[in-house]
Amino acid sequence: MDGKLEVSIDKLPVKRLDHIEENGAERYPADLGYEEKRLSLIRKIDFAWAVEKDDKKKQKKSANESSTPWQWQGMVENLQLAHQELSVIIDLIKTVEANNAVSVVSSTRPKPSPHEQLSDLAVSAATKLQCFLQLSKYFKQSAKALEQQVSKEARFYGVLIRLQQNWKVKRQRLATTAPSSDGFTIDLFDNSIYNPASVVRPLSISTLRIERNSAGMLSICVPLKSTRTLHFTFLGMQAGVTYGKSNKLKTEALREDKDEALGDDGSVKKIHSVLREVHQAIFDEQVFDLVNREAFNPSLGVSVTGIRENCLQLSLGHGTSVAISLELSAADDQSAEVLDSHDFGTENLCFDSVNEVKSAEGKCDSFDKEIPYHACYEVYLQQIFHEHVFLRTKSRDDSATARASGQPDKDGSNLLSHFCMSLAHRIFSTKVLAELEKVVSGVPYLQLMSHPAWHSRTSSWTLFMRVPASIPNSSRSNMQDFYHVKHNIPAFRTKVVVTDDSIKVEGEGAPNVIGLFKGGLEDTSSINRYDCDLAGLPVIILQQVASQIIQWLHEEALKVGIKVTRDFLRLSFELEQGETLSLVAHVDLDDPVGCISWWLVVDDGFSEEPNLHSEESEYKRFLGYLSLDVLSSTLMDLVSLCN
Amino acid sequence: MNRGGGALGSGGGPTAAATAAAAQKQKALLQRVETDIGNIVDNFNHLVNVSRVNDPPVRNSQEAFMMEMRASRMVQAADSLLKLVSELKQTAIFSGFASLNDHVEQRIAEFEQQVDKSDHLLSRIADEAAASLKELESHYYSSAQRANQPREP
């Protein structure tokens, strides 16, 4: 309290007249009861001073602490004020009680009626119930949210586990991972053959990030234009025509909005296919890298004619050149490149950029039979590298033999040359086959049999000629019945074997030309082998066949007992007076009717060597393109003529 | 919790330090689990206690606040339990080497089988193609049609 003490003066407790009634009675105000007197005294006490004091203190405090308004500040102040008032009142009551002026009787509220009690209880119960209902809503909501979260997590981890069964999933515990990613990556790089010292080109992509997409599901992000595939093209065989190949799979980048429609299995399959494509792209890049490395080692059959960043041109000899290149996958390839003429929508179309005609796969070969289908060579290239480099490396690791990793495997260094030589062989053997077919189509009694050799650089064919059965009463027995012994049917075979680009011809029953010149006829039905080139092949074969026929006729005649002599392509009968009658075979590859024709020549021993190309004269007669039956009956006729 | 078996089973290979670290981690995780579950039970208890309907309305609103607070604490504890579970799942995914290796080996065997099958199929196809070619060639070349056919240029 301050020094000032305020004093209030009451009225004197004198009864004053209130009013006078009409009948003269005086009315005085009623006496105040004891309680009322007390109450009025209490009411007179002015608590303003206490309240003011507190206000001043509060203002001082707030002037000091006006920096940060705390959200509970107001409530705290109110509570403090209430506390102050209560303490004042309690002090007052105690003081009054201590002075024995007044004894405090606890004032109770009037006892509420049961109705009021029950309604109070009802209200409280209702508010409590309200509270419970709110709580229950809250619990349900959070339970639902947690369940959803759990199921999302379960799906995410389910997909992740399934991916992990087949791919290498790595986790990075970074504190600063992006919110949409948990730090999982898939590592697609196969470092079994990775040799950091000798890498020519770094890989464009080796790890992929796993992310959660907008729906919380797992998705892979593949950067655009990062995957390339191996392509193989033939150049220069037909100017201006390049065959391209569109993408292997119809790929779309992983579309997230379709994921939910697919379900977990579908999305896992899609992810697997995306990962497999990237894996294949990495493999293609590694193969291309190896091809580059090998191309610059000097080796047989390969020479580099051009090199670009993603393209290597090689020349195989004989005017063939190929290009091995890494092309962007079709979904990414929007730029105008050389092989821009891909058709992205469908698979495996050959595109003729000169004629601008789309043709189906099967018709590619009809454009030019000499060009083999390029896809099989892509596959072959990938396969030989895979088998020899990758698998061998793995088996080498498995067997744990210590070898200097820098030394290339002996087989590995020749892979590219092996591949190119196979390709050259294939083209060459196609040409050889064309020639053989030409020959065979010209001789009706000659058959061609192919022998597929499961070696990439060897091909072989057999030319097969069946002769009519010989006369049963044969007196000759010491003859080497070569063809009778060896085969059930009488036939002559000529074998043509092509190895790389060299041709070997093996003729059965063909006379040894040199032996004939020397005059020896004994060993004339052995097998002869000799080399030849492509240009001379048809003629040699025709001559071989013709001489085989002559040989057969010779044998037939000898069986009958006629003395005949045989030259390379001529069978001579002796007539009286030293004249000889000869059956001569004439070989002409370009003859439109048939390749082997027969002439009958009479030679009286005095005239010169008949010139078959001259006009037909009395000395020689053109017999025509005779079949073997006709020949054999002609022979019989001649035999009877000679007898 | 079966992680004890997994963690202790791998303790034979790595060093003692790794074993100790693994045991420590396991202990910490168990601690977290117990804390969380204790939290949930505790808060639920309080919630139920406070649920009685009292006379003064003041107390009721006080209790209402308490109830809300307890409920949100329970949900928080449940959430942290779930996070723990997903952490465990992650660890399991990346540490289940035995099953992964088994699976990888199984897949390798499957793929090798497929390789063999493909090889057989390819060689069978090749053999059949060779046989067909032979047959077709012999039929063609011995056919009467060819014998009568004029020579193609």
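Naming convention: chains lettered A, B, ... in sequence-line order (proteins, then strands); numbering from 1 in each chain.
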Compare every heavy atom of Val440(A) with every heavy atom of Tyr141(B), then report the nearest pair and how far apart it is. CE2-CG1, 3.3 Å
How about Glu110(B): does its CD atom have over 12 heavy atoms from other parts shown lying under 6.0 Å from it? yes
Answer with side chain, backbone, both or neither: which region of Gln130(A) has an atom nearer than 4.5 Å to a non-hydrogen atom of chain B? neither
Check each atom of Leu129(A) against the heavy atoms of chain B and say whether the ones under 4.5 Å are side chain, backbone, both or neither. neither
Taking side chain as C-beta onward, heavy atoms only, is Leu160(A) less than 4.5 Å from Gln90(B)? no
Are any of the side-chain heavy atoms of Phe464(A) and Ser138(B) separated by less than 4.5 Å? no
Determine whether more than 12 heavy atoms belonging to other residues, nucleotides or ligands lie under 6.0 Å from atom CD of Gln141(A). no
What part of Leu135(A) lies closer than 4.5 angstrom to a heavy atom of chain B: side chain, backbone, both or neither? side chain
Residue pair Lys134(B) / Ser450(A): nearest heavy atoms and the distance that separates them: NZ-O, 4.5 Å
Bottom line for Ser99(B): the part with an atom under 4.5 Å from chain A's heavy atoms is neither
Counting only heavy atoms closer than 4.5 Å, note whether Ala126(B) contacts chain A via side chain, backbone, both or neither. both
Chain B contact via Val169(A) - side chain, backbone, both or neither, heavy atoms under 4.5 Å: both
Working to the nearest 0.5 angstrom, can you tell me the gap between Lys89(B) NZ and Phe156(A) CZ? 11.5 Å
For Phe44(B), is the CZ atom crowded, meaning more than 12 foreign heavy atoms sit under 6.0 Å from it? no
Chain A contact via Ser51(B) - which portion, at a heavy-atom distance below 4.5 Å: both
Can you tell me how far CD of Gln134(A) sits from CD of Glu68(B), rounded to the nearest 0.5 angstrom? 6.0 Å
Closest non-hydrogen atoms of Met449(A) and Glu137(B), given as atom of the first, atom of the second and distance, are CA-OE1, 3.1 Å
Over all atoms of both residues, closest heavy-atom pair of Ala130(B) and Trp454(A): CB-CZ2, 4.4 Å
Hey, what do you get for CD (Gln164(A)) to CG (Leu100(B)), rounding to the nearest 0.5 Å? 4.5 Å
Shortest non-hydrogen separation from Glu153(A) to Ser86(B) and the atoms involved: OE1-CB, 3.1 Å
Tyr140(B) side chain to Gln447(A) side chain, donor-acceptor N/O pair below 3.5 angstrom: no
Heavy atoms only: give me the nearest Leu47(B)-Phe139(A) pair and the separation to one decimal. CD2-CE1, 4.2 Å
Quick one: what part of Ser142(A) sits under 4.5 Å from any heavy atom of chain B, side chain, backbone, both or neither? side chain
